[in-house]
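What follows is one structure encoded as structure tokens, with my remarks underneath.
So you know, we letter chains A, B, ... as the sequences are listed, proteins then strands, and number each from 1.
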Protein chains: 2
Amino acid sequence: MPRVRDPKRTRRKVLEASYREFYRHGFQGGSINRIVTAAGITKGALFHHFAGKNELGYAVLDEFLTPAVNNWWVEPLHDAGDPVQALRNILKRFLKRIEEEDPEAGFLFNGCPICNLAVEMSPLDEGFRERLGTIYDTWHCAISEALERGQATAVVRSDINPTAEASFLVSIMAGSASVGKVTQQMAFFRNCIKVAQIHVESLVPS
Amino acid sequence: MPRVRDPKRTRRKVLEASYREFYRHGFQGGSINRIVTAAGITKGALFHHFAGKNELGYAVLDEFLTPAVNNWWVEPLHDAGDPVQALRNILKRFLKRIEEEDPEAGFLFNGCPICNLAVEMSPLDEGFRERLGTIYDTWHCAISEALERGQATAVVRSDINPTAEASFLVSIMAGSASVGKVTQQMAFFRNCIKVAQIHVESLVPS
DNA sequence: AACCTTACATACCACGCGGAATGTTGCAAG
DNA sequence: CTTGCAACATTCCGCGTGGTATGTAAGGTT
């Protein structure tokens, strides 16, 4: 029998259950009642830790999704000497991850959790829009700045536009996840990543 | 004073109001009550023409969004002799259209209506998933088949993969709309389309 | 030992939802 | 002229929702 009083753990359980609930049903379609049931706690506990449904959504963004983007994209790109090699690794690692996932709960079925919230909530709530904007901006900057550094050390072609290329890469990730969850075909997803990989290769000087 | 009894017109008004409502609030967040108010009719009239909320969403897909894709992509590509020129025209026309739109109600603020529904409803309802899958499939096929015809007449490079290129183009359109509605910057959207245009140019034999 | 704050649990609430049941009226066929 | 059905309008309903008010107990502080 675990400790009765454990606020950190309780908060964590709520956040994890919320993430899953919103991931599957969307934010508006997500149910507080289902969250408390899944987390094995009560509504009183939830509203003790979070002021309301919106704040719960914000917390999922701040404490789950922002770190995920940092893990997958920002840090690898920041640490890398050669940005093209870093992008190669990221795309490869990403594709592998998806293929290993549980098809019922993973990326191919449910899409990108960030993109899902962005599509649903950006026009409806400024708090969501702002946070999601920051996430995409961080992501975007990580790519474009890495490409600029690559241009400075001549490992990236000087005649490409880092900003446009970054926009392109972010869009492809979001778009392929969105369309992929409709077609339910890994092949579609793989095709998109493949073209993205080819495009990345075209960034290295000939 | 208009004709009191006009089922065709009534049905149309309901569909148009539903399209706008779902476009702004999503399907789950969309309200039947708001729809009947906006359409200037009553709930009785709505449920006389449509069996339920889901059927209403299906009708929006079948009678609004499917024709829109046909208009913008399928027919131009089918009629064209040179698929690359057709894609050039489509992208240009599309960008122009968005720049002219009302910022409060248009593509940049609300995203792509098809992609929005796809992201929200695909994992939740098979009826939505099926219809959206058909739309994306038609769209995808229109591009890939046009590219294949272009390869046959040597106006498209023979060493590119039409299927992969089609997947890529569809994804870019969906992704740029999704991310664009977060950043709210036309520049982001324009960057994506620009890279897509460059990519399209790379399809023509050198 | 008394106390007080934090961390929950329980019970309850108003509201808007999608939808059904029923009532009413225009309009065309017989 | 009347009959009948399609095309609505009106009214009502059960339910799940996000959120609150209140109760209670754990555990550190003094």
Under 6.0 Å from the six-membered ring centre of A:F107 and within 45° of its axis: does the NZ or CZ of A:R97 meet both?
no
Distance in angstrom units between A:Q28 CD and C:dC17 C1', rounded
13 Å
Nearest-nucleotide wise, let me know which of B:I41 and A:R34 is further upstream toward the 5' end of DNA chain D.
B:I41
Tell me whether the NZ or CZ atom of A:K53 lies within the 45° cone about the ring axis of A:F27 and under 6.0 Å from its centre.
yes
Options C:dA9, D:dA7, D:dG18, nucleotide nearest the side-chain atoms of B:H48:
D:dA7
Check this one for me: any side-chain N or O of B:H49 less than 4.0 Å away from OP1 or OP2 of D:dC8?
yes
Check the side chains of A:N116 and A:N110 for a donor-acceptor pair under 3.5 angstrom, ignoring hydrogens and angles.
no
Under 3.5 Å, is there any donor-acceptor pair linking the side chain of B:K43 to the base of C:dG19?
yes
Does any donor atom in the side chain of A:S167 or A:H140 lie under 3.5 Å from an acceptor atom in the other side chain?
yes
Give a yes-or-no answer on whether the side chains of B:N33 and B:K43 include a donor-acceptor pair shorter than 3.5 Å.
yes
Quick check on D:dC8: is either OP1 or OP2 less than 4.0 Å from any side-chain nitrogen or oxygen of B:T10?
yes
Within this structure, what is the CG-to-C1' distance between B:L56 and C:dC17, rounded to whole angstrom?
15 Å
Rounded interatomic separation in angstrom, taking CZ from A:F50 and P from C:dA7:
12 Å
Determine the contact category for B:G30: base if any of its heavy atoms lies under 4.0 Å from a base atom, sugar-phosphate if only primed atoms, P, OP1 or OP2 are that close, otherwise nothing.
sugar-phosphate
Would you kindly give the NZ-to-P distance between B:K53 and C:dG16, to the nearest whole Å?
15 Å
Side-chain N,O (A:N33) to OP1/OP2 (D:dT17) below 4.0 Å:
yes
If you check every side-chain atom of A:T42, which of D:dT20, D:dC8, C:dA9 has the closest atom?
C:dA9
What is the distance from CZ of B:F47 to P of C:dT22, rounded to the nearest Å?
17 Å
Output the rounded distance in Å from CZ (A:R9) to C1' (C:dC8).
14 Å
Roughly how many Å is it from CZ in B:F22 to C1' in C:dC17, rounded to a whole number?
13 Å
To the nearest angstrom, the CD1-P distance between B:I32 and C:dG18 comes to 5 Å
